[in-house]
Q: 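Quick one: structure below, then a few questions.
Keep in mind that the numbers below use all heavy atoms, side chains included, and drop hydrogens, waters and symmetry copies.
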Amino acid sequence: MYLLWTSLVLYASLLLPSHSQPDNQKVKQRSLHKKDLDIIERYNGMCVQGAMGPHGRDGTPGVNGIPGTPGIPGRDGVKGEKGECMRETLEESWTPNFKQCAWSALNYGIDLGKIAECTFTKMRSHSALRVVFSGSLRLKCKTACCQRWYFTFNGAECSGPLPIEAIIYLDQGSAEFNSTINIHRTSTVEGLCEGISAGLVDVAVWVGTCSDYPRGDASTGWNSVSRIIIEELPK
């Protein structure tokens, strides 16, 4: 830029008027002189662009802005499906309900019929009854025989889902009916029964025959305690 300026100044000095030149030559030099001054004035102050400087440091983070106004409430969602009614969840907490009937010595020697009975108050219809009979059982016979011990509820066997029973079977009896083979064993008959309505329930234990087999000489509750346990359970 300095060289450009020097060249312009020298060129302008050459064009300055001289006292020895003619008048018409002076007029031409003035015209040229004016153009040169315009050129000098136009380019005066211009600088050549230098190299790019280094990047400045990051500025200080600004403060958080003012919270915006709440948006417009959204539209209502699609209506859900109808739920199921859960009655049990609305009922009061479960209260234990059980009963026990016991006999010191039944010594019941019948082969067919009711052995013992225990009455129970069932509180809810949608519940199950757990029943247990515990006592000594025995069976004797000369030939093959089978006896069945089972529960009834108000005179009928359980149908929810199946009867509650236990059997004793002898494949070969004694040659003599009154032989010394006379084993009494404490046994248990147990199960759950559903579908029984609320209210009084007569729970009984019976003895009977097995299908397609002859009966023998049965004995229940010999010389020991026998018991029936009844418990109401939630489903």
Side-chain angles (χ1 to χ4, degrees), residues 1-100 120-132 153 158-164 188 190-199 201 229-235:
M1 190 64 188
Y2 175 76
L3 294 176
L4 177 61
W5 172 255
T6 305
S7 300
L8 293 174
V9 171
L10 290 175
Y11 180 68
S13 61
L14 293 174
L15 298 178
L16 290 175
S18 175
H19 295 287
S20 61
Q21 293 176 339
D23 291 338
N24 58 348
Q25 186 69 25
K26 291 180 181 180
V27 172
K28 291 180 181 180
Q29 289 180 350
R30 280 196 209 97
S31 177
L32 292 174
H33 177 65
K34 184 176 184 304
K35 291 180 179 180
D36 293 336
L37 290 178
D38 291 341
I39 293 174
I40 293 172
E41 184 179 357
R42 181 182 303 173
Y43 291 100
N44 186 21
M46 293 184 63
C47 299
V48 178
Q49 184 176 1
M52 182 181 294
H55 292 286
R57 293 178 297 175
D58 294 337
T60 304
V63 297
N64 294 332
I66 300 173
T69 56
I72 301 173
R75 294 177 297 178
D76 294 339
V78 180
K79 186 177 180 180
E81 298 180 358
K82 185 178 181 181
E84 297 181 0
C85 180
M86 302 296 291
R87 291 181 55 189
E88 291 294 333
T89 58
L90 301 178
E91 292 183 0
E92 59 185 7
S93 59
W94 185 265
T95 302
N97 184 23
F98 60 89
K99 183 179 180 179
Q100 175 179 241
F120 181 78
T121 302
K122 192 169 184 287
M123 303 303 295
R124 296 173 175 84
S125 296
H126 300 285
S127 62
L129 287 185
R130 174 179 177 264
V131 291
V132 179
F153 302 86
C158 179
S159 59
L162 292 170
I164 300 172
T188 299
E190 180 178 1
L192 287 173
C193 189
E194 302 176 9
I196 301 173
S197 301
V201 182
I229 301 173
I230 311 168
E231 183 181 7
E232 185 175 6
L233 298 176
K235 290 178 63 176

Q: Under a 4.5 Å cut-off applied to non-hydrogen side-chain atoms, are F153 and I230 in contact?
A: no
Q: How long is the gap from SG on C158 to CG on L192, to the nearest 0.5 Å?
A: 8.5 Å
Q: Let me confirm one number: the OG-CD1 distance from S159 to I196, rounded to the nearest 0.5 Å.
A: 8.5 Å
Q: Can you tell me how far apart CG (L129) and CD (E232) are? Round to the nearest 0.5 Å.
A: 6.0 Å
Q: Between K122 and V201, what is the shortest heavy-atom contact and its length?
A: CB-CG2, 4.1 Å
Q: Distance check, rounded to the nearest 0.5 Å: S197 atom OG versus H126 atom NE2?
A: 9.5 Å
Q: Using 0.5 Å steps for rounding, measure from the CD atom of Q100 to the CD1 atom of I229.
A: 4.5 Å
Q: Identify the two heavy atoms, one from K99 and one from F120, that lie closest to each other, and give their separation to 0.1 Å.
A: CB-CD1, 3.7 Å
Q: Using the side-chain contact (heavy atoms from CB on, under 4.5 Å) rule, take C193 and V131 through it: C-alpha gap first, then chi angles, then the decisive distance, then the call.
A: CA-CA 8 Å; C193 189; V131 291; 6.0 Å; no
